[in-house]
Amino acid sequence: MSTQPRPTGPAESTGPAESAGPTDLWATVDALWSWLDANSAHGGREGLLLRVLKLSEEVGEVAQAVIGATGQNPRKGVSHTWEDVQSELCDVAITALVALRTLTPDAETVFAGQLARVAERSVGRADGGAVGGARG
């Protein structure tokens with residue numbers, strides 16, 4: 001267990017403000033995908049299914065970190081930090097992107113298209129109008 005101060009909420013996070021430096025997201029995802037394929041115990045359809053199922057494991061680790069950061073488990077108390085939650089959320093995103101890359105070599109384009117569709121239906125058009133009806 002860490003001895004660093006434990007924030008009581010996400011807004012009180014005390015981690016570093018900057019990352020170690022910029023990375024080429026999709027080149028890194030591709031490198032991780034290549035490494036996993038070369039070192040996977042299972043290939044084909046089974047390997048694909050296991051790679052997608054890995055997301056459930058990672059999401060469970062997010063839940064465990066949130067429970068630990070809030071001290072929700074009286075037996076364990078505060079066992080995680082909000083920085084731990086951040087790391088686990090990043091693991092979910094990385095795992096999802098690698099799983100997407102496993103499904104298609106065009107993962108970057110597929111992701112960009114889906115991001116644009118979600119943004120369009122969520123935040124609306126650039127002219128300020130709501131998508132699909134009136135705001136309110």
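Please read all numbers here as calculations on a predicted model, not as lab measurements. What's counted below: heavy atoms across the whole structure, side chains too, no hydrogens, waters or symmetry copies.
- Rounded to the nearest 0.5 Å, atoms CG (Asp24) and CG (Asp30) are 9.5 Å apart.
- Going from atom CD of Glu61 over to atom OG1 of Thr95 covers 8.5 Å, rounded to the nearest 0.5 Å.
- Here Ser87 pairs with nothing under the side chain to side chain contact (heavy atoms under 4.5 Å, CB included) rule; sequence neighbours left out.
- Both Leu25 and Ile94 belong to a common hydrophobic cluster when Ile, Leu, Val, Met, Phe, Trp and Tyr are linked at side-chain heavy-atom distances under 4.5 angstrom.
- Annotation: the span from Trp82 atom CH2 to Leu89 atom CG amounts to 9.5 Å, rounded to 0.5 Å.
- Using a 4.5 Å cut-off on side-chain heavy atoms (C-beta onward), Glu120 and Arg117 make no contact.
- Note on Trp33 and Leu53: separate hydrophobic clusters, where clusters join Ile, Leu, Val, Met, Phe, Trp and Tyr whose side-chain heavy atoms are under 4.5 Å apart, directly or indirectly.
- Side-chain atoms of Asp91 never come within 3.5 Å of backbone atoms of Glu88 as a donor-acceptor pair (strictly under, hydrogens ignored).
- Val123 and Val118 fall into different hydrophobic clusters, where Ile, Leu, Val, Met, Phe, Trp and Tyr residues are linked whenever their side-chain heavy atoms come under 4.5 Å apart, directly or through other members.
- Here the closest non-hydrogen pair linking Ser40 and Arg51 is CB-NH2, 4.3 Å.
- Residues Val85 and Ile67 do not share a hydrophobic cluster, clusters being chains of Ile/Leu/Val/Met/Phe/Trp/Tyr side chains in contact below 4.5 Å.
- Residues Arg101 and Thr104 are not in side-chain contact: their nearest non-hydrogen atoms beyond the backbone lie 4.5 Å or more apart.
- Using a 4.5 Å heavy-atom threshold, the side chains of Trp26 and Leu97 count as touching.
- A distance of 7.5 Å separates CD of Gln86 from OG1 of Thr81, quoted to the nearest 0.5 Å.
- Checking Thr70 against Gln72 by side-chain atom types alone, no donor-acceptor pair falls below 3.5 Å.
- Residues satisfying the side chain to side chain contact (heavy atoms under 4.5 Å, CB included) criterion with Val59, sequence neighbours excluded, are Val92.
- At a threshold of 4.5 Å between side-chain heavy atoms, the hydrophobic network of Ile, Leu, Val, Met, Phe, Trp and Tyr places Trp35 and Val98 in one connected group.
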